[in-house]
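Only one structure is covered here, and it is reproduced in the block below.
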Amino acid sequence: MRTSGSPVRVGKMDATVHSGLASEYGVRGFPTIKLLKGEMAYNYRGPRTKEDIVEFANRVAGPLIRPLPSQQMFDHVQKRHNVLFVYVGVESTLKEKFIEVASELIVYTYFFSASEEVLPEYVTLNEVPAVLVFKDSTYFVYDEYEDGDLSSWVNKERFEGYLQVDGFTLYELGDTGKLVAVAVIDDKNNSAEHTGLKSIVQDVAKNYRDHFHRDFQFGHMDGNEYINSLLMDDLSIPTFVVLNTSNQQYFLPSKPIKSTEDMVQFINGILDGTAEAQGGDGILQRIKRIAFDAKSTVVSVFKSSPLLGCFLFGLPLGVISIMCYGICTADTDDGTEEMTRKDVIDQNVSDEGSDEEQDEDKKGENSTEVSDADQEEKDFIEKKKD
């Protein structure tokens with residue numbers, strides 16, 4: 001960034017040492033990337049690659065609204081960006097809202113302004129000012145009455161109509177509030193089943209946009225490993241699934257999708273509530289998730305390194321077993337020793353009791369003998385007196 005002439009300076013901070021500063025800027029995890037601009041602190045939430053981080057820094061460091069003064073500049077920018085938000089018109093309340101939205105969402109995409117003369121010839125506007133999004137080789141105009149809040153509309157429209165979905169993209173799509181309709185296929189498999197299902201999803205995303213674009217985001221996912229871990233299920237590919245990232249529910253078609261009509265019918269069933277939802281975020285599902293994650297961790301450890309798995313799980317089990325055996329054995333020995341000691345004590349007590357009885361008998365005999373002698377002595381004295 002220094003060699004490219006960017007005004008952005010790059011630094012690092014140990015949040016464990018400067019915990020007060022980290023708390024002030026809302027740092028809750030590591031690593032966290034922030035761009036500080038004036039009094040604003042922008043969080044980076046894109047892919048962790050050099051190119052994406054540099055683009056984020058340059059986008060946020062520049063002006064919120066970038067002007068497009070000519071058709072040549074407009075064409076150049078449109079070739080560089082797959083999604084383009086443009087404000088058309090002079091100063092207005094709508095432009096003020098557009099600036100507010102740009103300050104909030106510039107971390108995700110660019111915002112531009114242009115006059116009506118700069119726009120391509122195929123663009124027709126019923127009124128000005130207006131906000132447009134250029135994507136998917138066409139354009140769409142923001143309608144406050146149909147699309148609601150401008151910020152929500154921009155957040156939903158910042159993605160292309162059809163995407164290749166991965167774990168990071170799916171995480172970002174969760175902020176849009178849309179259901180994610182994906183074909184789970186193998187990109188390397190060129191069979192009719194895989195390519196046909198992908199084509200059907202692309203056809204629905206393009207030709208049924210007016211029906212579904214407010215509620216659905218379409219795309220495909222390469223491989224079923226990630227989706228299986230997400231759904232805690234074992235889906236065979238190719239298959240079609242609709243995900244609700246807000247509550248972790250998902251919808252599976254009751255029969256294979258063979259045509260565009262089949263997919264449209266299935267999606268309409270989701271909208272009218274006739275399609276059955278699976279999964280969710282209830283207590284049972286959370287318990288199932290904990291068990292599934294534990295099982296997956298153990299399996300992955302043993303698959304990657306069996307010896308390490310045996311050591312990690314065998315050693316604690318062995319120690320616990322030895323402790324349990326020691327505890328059980330110690331209880332038995334103590335009981336036997338206690339019994340033995342008790343028997344000895346009882347025997348001693350018994351012996352002591354016998355000795356005491358014998359002493360008492362002897363004392364009794366002695367006392368008897370003493371009593372007879374005294375009596376004889378008394379009798380002799382009385383006779384002598386007489």
Side-chain angles (χ1 to χ4, degrees), residues 45-47 81-85 101 104-105 107-110 131-143 146-185 187 197-224 226-227 229-231 235 237-253 257 260 262-273 275 277-281:
R45 298 178 61 183
H81 304 286
N82 295 325
V83 180
L84 204 67
F85 290 97
V101 172
E104 176 188 355
L105 299 178
V107 294
Y108 299 116
T109 186
Y110 288 90
V131 176
L132 297 82
V133 58
F134 292 84
K135 66 177 185 177
D136 303 329
S137 302
T138 184
Y139 72 97
F140 306 97
V141 182
Y142 166 69
D143 187 332
E146 291 188 5
D147 299 315
D149 181 58
L150 179 60
S151 176
S152 176
W153 179 78
V154 171
N155 193 39
K156 289 182 178 181
E157 295 294 341
R158 62 187 175 92
F159 296 98
E160 296 177 79
Y162 184 88
L163 298 170
Q164 178 167 355
V165 180
D166 56 16
F168 177 78
T169 310
L170 194 61
Y171 171 76
E172 282 213 308
L173 289 172
D175 294 337
T176 65
K178 290 184 178 182
L179 301 179
V180 184
V182 291
V184 185
I185 61 173
D187 275 338
L197 182 59
K198 180 180 177 180
S199 299
I200 291 172
V201 178
Q202 289 174 327
D203 183 45
V204 172
K206 181 179 179 180
N207 297 323
Y208 289 84
R209 172 186 161 82
D210 293 339
H211 296 83
F212 301 135
H213 83 279
R214 287 185 176 87
D215 302 297
F216 292 89
Q217 173 66 52
F218 294 92
H220 78 274
M221 183 175 288
D222 183 20
N224 62 349
Y226 181 82
I227 200 72
S229 65
L230 185 67
L231 305 183
L235 300 182
I237 55 175
T239 189
F240 181 72
V241 59
V242 177
L243 306 170
N244 187 342
T245 56
S246 64
N247 60 9
Q248 300 181 17
Q249 287 185 341
Y250 62 96
F251 302 85
L252 293 173
I257 303 293
T260 301
D262 290 342
M263 184 166 292
V264 171
Q265 183 180 2
F266 173 58
I267 293 175
N268 283 327
I270 296 174
L271 290 176
D272 61 29
Q278 303 181 46
D281 55 359

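Positions are given from 1, in the same order as the sequence printed here.
The backbone N or O of Q217 sits nowhere less than 3.5 Å from a side-chain atom of K156 that would complete a donor-acceptor pair. Using a distance-only test at 3.5 Å, with no hydrogens or angles considered, no donor-acceptor pair links the side chain of D147 to the main chain of Y142.
A salt bridge links K135 and E157; the closest N-O separation between the charged side-chain nitrogens and carboxylate oxygens is under 4.0 Å.
Looking at I270 and F216, their side chains come closer than 4.5 Å, going by heavy atoms from C-beta outward. Side-chain contact between L252 and V241 is present, with at least one heavy-atom pair separated by less than 4.5 Å. No side-chain heavy atom of L173 sits under 4.5 Å from any side-chain heavy atom of T245.
The distance from atom CG of L243 to atom OH of Y250, rounded to the nearest 0.5 Å, is 10.0 Å. Interatomic distance, CZ of F218 versus CD1 of I200, reported as 12.5 Å (0.5 Å rounding). Separation of atoms CG (N207) and CZ (F212) is listed at 11.5 Å; rounding is to 0.5 Å. D203 contributes atom CG, which lies 9.5 Å from atom CE of M263 (distance to the nearest 0.5 angstrom). Taking CD1 from I227 and CG from D222, the interatomic distance works out to 12.5 Å, rounded to the nearest 0.5 Å. Rounded to the nearest 0.5 Å, atoms NE2 (H220) and CG (D187) are 4.0 Å apart.
For the residue pair E104 and S151, a side-chain donor N or O sits within less than 3.5 Å of a side-chain acceptor on the partner. In the model, T138 has no side-chain atom that pairs as donor or acceptor with a side-chain atom of D136 under 3.5 Å.
Heavy atoms from other residues, nucleotides or ligands lying under 6.0 Å from NE2 of H81 number more than 12. Atom CZ of F168 has more than 12 neighbouring heavy atoms from other residues, nucleotides or ligands inside a 6.0 Å radius.
Summarising the geometry of V201 relative to G219, their closest heavy-atom pair is CG1-O, 3.8 Å, with the distance given to 0.1 Å. Contact record, Q249 with A277: OE1-CB, 3.7 Å, taken as the closest heavy-atom pair. Minimum heavy-atom separation, V182 to F240: O-CD1, 3.3 Å. Residues F251 and A275 approach most closely at CE2-O, 3.8 Å, considering heavy atoms. The two residues P238 and L197 have their closest heavy-atom pair at CB-CD2, 3.9 Å. The two residues G161 and A205 have their closest heavy-atom pair at O-CB, 3.9 Å.
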- request: Test side chain to side chain contact (heavy atoms under 4.5 Å, CB included) on F140 and H213 and set out the steps.
  value: CA-CA 11 Å; F140 306 97; H213 83 279; over 6 Å; no
query: What's the verdict on side chain to side chain donor-acceptor pair (under 3.5 Å) for N155 and S152, showing C-alpha distance, side-chain angles and the deciding distance?
result: CA-CA 5 Å; N155 193 39; S152 176; over 6 Å; no
- request: Applying side chain to side chain contact (heavy atoms under 4.5 Å, CB included), run through D215 and L179 and close with a yes or a no.
  value: CA-CA 6 Å; D215 302 297; L179 301 179; 5.8 Å; no
message: Walk me through whether K178 and F159 qualify under side chain to side chain contact (heavy atoms under 4.5 Å, CB included).
response: CA-CA 11 Å; K178 290 184 178 182; F159 296 98; over 6 Å; no
message: One pair to check against side chain to side chain contact (heavy atoms under 4.5 Å, CB included): W153 and V101. What are the steps and the verdict?
response: CA-CA 10 Å; W153 179 78; V101 172; over 6 Å; no
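Aromatic ring pairs are classed by plane angle as parallel below 30°, tilted from 30° to 60° and perpendicular above 60°; the pair Y208 and H211 is tilted.
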